[in-house]
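What follows is a set of notes on a single structure, which appears directly below.
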Amino acid sequence: MTGLLTERLRQACDNAVAMWTTLARARGDDVLEHPAFTAIDGRRYRIMLRTGTPGDAAARELTALAGKRRDEGRAVVVEDPFRVLDLTDLGMTAGQLPVMAREPGATPESPADVERVTTPAELAGAEDMVVHGFPLEEYQPHRPGTVFPPELLDRATAFFRKGDQGACLTMAHGGVGGVYWVTTMPEHRSQGVGRALMYAVLRHFDDVPVTLTASRSGRPLYEKLGFANLGDANWWR
């Protein structure tokens with residue numbers, strides 16, 4: 001991996017940690033910050049590795065923390081974008097998802113019906129689409145404000161929605177824009193909703209790189225939009 005791609009992977013990781021930390025604090029979840037990783041105590045226990053060189057002591061501490069939470073019956077997710085951890089001894093298995101980045105560049109105008117969310121009522125509508133369309137099963141049945149509390153409208157996050165067809169969340173941090181939960185409702189799939197949302201996101205972040213973790217089904221769209229693959233992250237469960 002070239003120096004630029006390595007830097008983009010680091011920035012993507014930092015952006016994701018900042019996004020999850022912002023969400024956690026808005027939700028009232030506990031955050032454990034370690035130099036090598038961040039742990040979020042929410043509906044699931046999420047541990048995010050922050051460096052490709054955590055060192056043996058930090059890796060042991062992270063592994064022990066994940067094992068303890070699993071022993072308590074918690075659902076644990078460990079995000080390792082650098083693929084340096086081995087958690088098989090805990091009975092966990094790693095799925096892979098591609099981390100991608102796009103450099104600033106020309107972007108077509110987004111459709112007029114894609115709008116930035118600005119009010120709590122609009123946010124509740126976007127939240128409902130993400131919970132049911134992505135879906136976020138741990139937040140069903142859905143109670144408004146539990147996933148995206150209204151105070152997020154005053155943070156570094158920005159939400160976009162296309163009517164009642166789809167929505168997404170973005171985060172500005174660390175010199176890049178991060179994109180999360182690009183959601184199209186099932187009845188509107190294969191109609192260009194995701195592309196329209198991404199046009200709005202790319203126009204929003206017109207002068208900085210944009211990073212995301214793609215689903216396998218979403219990767220072709222992102223490649224057509226100019227995103228490059230930085231490598232597959234391990235998601236241990």
Side-chain angles (χ1 to χ4, degrees), residues 1-25 29-42 44-72 74-104 156-157 169-181 205 208-216 218-219 222-223 226-237:
M1 186 182 295
T2 67
L4 177 60
L5 295 182
T6 299
E7 174 63 6
R8 293 290 179 260
L9 179 61
R10 184 195 65 77
Q11 289 175 306
C13 175
D14 286 350
N15 191 283
V17 170
M19 187 279 295
W20 277 107
T21 301
T22 298
L23 279 185
R25 289 176 174 150
D29 297 336
D30 289 334
V31 179
L32 170 65
E33 295 189 273
H34 183 284
F37 60 86
T38 295
I40 307 291
D41 191 357
R44 299 179 183 180
Y45 198 86
R46 182 178 302 272
I47 304 175
M48 309 180 72
L49 189 66
R50 300 175 58 178
T51 173
T53 55
D56 292 343
R60 286 194 298 269
E61 188 173 347
L62 184 156
T63 301
L65 179 61
K68 180 179 180 181
R69 293 294 176 260
R70 282 170 60 85
D71 289 344
E72 294 169 349
R74 300 293 304 279
V76 176
V77 178
V78 179
E79 297 182 26
D80 174 14
F82 309 100
R83 300 183 68 172
V84 297
L85 298 174
D86 184 356
L87 304 180
T88 53
D89 286 348
L90 298 181
M92 303 182 75
T93 57
Q96 283 78 44
L97 290 173
V99 182
M100 308 185 77
R102 180 188 189 270
E103 297 303 308
T157 53
L169 162 66
T170 71
M171 179 77 188
H173 178 82
V176 299
V179 191
Y180 304 89
W181 292 303
F205 293 120
V208 297
V210 176
T211 64
L212 54 81
T213 299
S215 65
R216 295 295 175 185
R219 179 173 175 173
Y222 302 129
E223 289 177 335
F227 282 81
N229 187 19
L230 304 179
D232 287 349
N234 277 344
W235 287 57
W236 292 90
R237 301 177 190 271

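All residue numbers in this chain count up from 1 along the given sequence. Both backbone and side-chain heavy atoms feed into the values below; hydrogens, waters and symmetry mates do not.
Annotation: the span from Met92 atom CE to Trp235 atom CH2 amounts to 12.0 Å, rounded to 0.5 Å. In this structure, Gln11 CD and His173 NE2 are separated by 9.5 Å, a value rounded to the nearest 0.5 Å. A distance of 12.0 Å separates CG of Asp232 from CG of Asp80, quoted to the nearest 0.5 Å. Within the model, atoms CZ of Phe82 and CG of Leu49 stand 6.0 Å from one another, a figure rounded to the nearest 0.5 Å. Atom CD of Glu103 sits about 5.0 Å away from atom CG of Leu4, to the nearest 0.5 Å. Atoms SG and CD, on Cys13 and Glu79 in that order, are 8.5 Å from each other to the nearest 0.5 Å.
For the side chain to side chain contact (heavy atoms under 4.5 Å, CB included) with Thr63, the lone residue among Leu87, Asp89, Val78 that qualifies is Leu87. Each of Arg25, Arg74, Arg46 was checked for a salt bridge (Lys or Arg N to Asp or Glu O under 4.0 Å) with Asp41, and the lone residue meeting it is Arg74.
Contact record, Arg69 with Tyr45: NE-CE1, 3.3 Å, taken as the closest heavy-atom pair. Between Asp29 and Gly42, the shortest heavy-atom distance links the atoms OD2-CA, 3.6 Å. Smallest separation of non-hydrogen atoms from Ser215 and Leu97: CA-CD2, 4.2 Å. The nearest pair of heavy atoms linking Val208 to Gly177 is CG2-N, 4.0 Å. Across all non-hydrogen atoms, the minimal contact from Trp236 to Leu85 is CZ2-O, 3.3 Å. Scanning both residues, Val77 and Arg237, for their nearest heavy atoms gives CG2-NH1, 3.3 Å.
Between the side chain of Tyr180 and the backbone N or O of Ala16 there is at least one donor-acceptor pair closer than 3.5 Å. A donor-acceptor pair under 3.5 Å is formed between the side chain of Arg216 and the backbone N or O of Gln96. With hydrogens and angles disregarded, a donor-acceptor distance shorter than 3.5 Å links the side chain of Asn15 to the backbone of Met171.
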**Request:** Check the pair Leu23 / Met19 against side chain to side chain contact (heavy atoms under 4.5 Å, CB included), numbers first and verdict last.
**Result:** CA-CA 6 Å; Leu23 279 185; Met19 187 279 295; 3.4 Å; yes
**Request:** Mind running side chain to side chain contact (heavy atoms under 4.5 Å, CB included) on Tyr222 and Arg102 for me, showing each step along the way?
**Result:** CA-CA 9 Å; Tyr222 302 129; Arg102 180 188 189 270; over 6 Å; no
**Request:** I would like to know whether Phe227 and Leu212 meet side chain to side chain contact (heavy atoms under 4.5 Å, CB included); could you show each step before the answer?
**Result:** CA-CA 9 Å; Phe227 282 81; Leu212 54 81; 3.6 Å; yes
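Between Ile40 and Val31 there is a side-chain heavy-atom pair separated by less than 4.5 Å.
The neighbour count for Asp71 CG, taken as heavy atoms of other residues, nucleotides or ligands under 6.0 Å away, is above 12.
By the side chain to side chain donor-acceptor pair (under 3.5 Å) test, Arg44 pairs with Glu138, sequence neighbours left out. With sequence neighbours left out, the side chain to side chain donor-acceptor pair (under 3.5 Å) criterion links Asp86 to Thr88. In this view, Arg219 and Glu223 satisfy the salt bridge (Lys or Arg N to Asp or Glu O under 4.0 Å) rule, not counting sequence neighbours.
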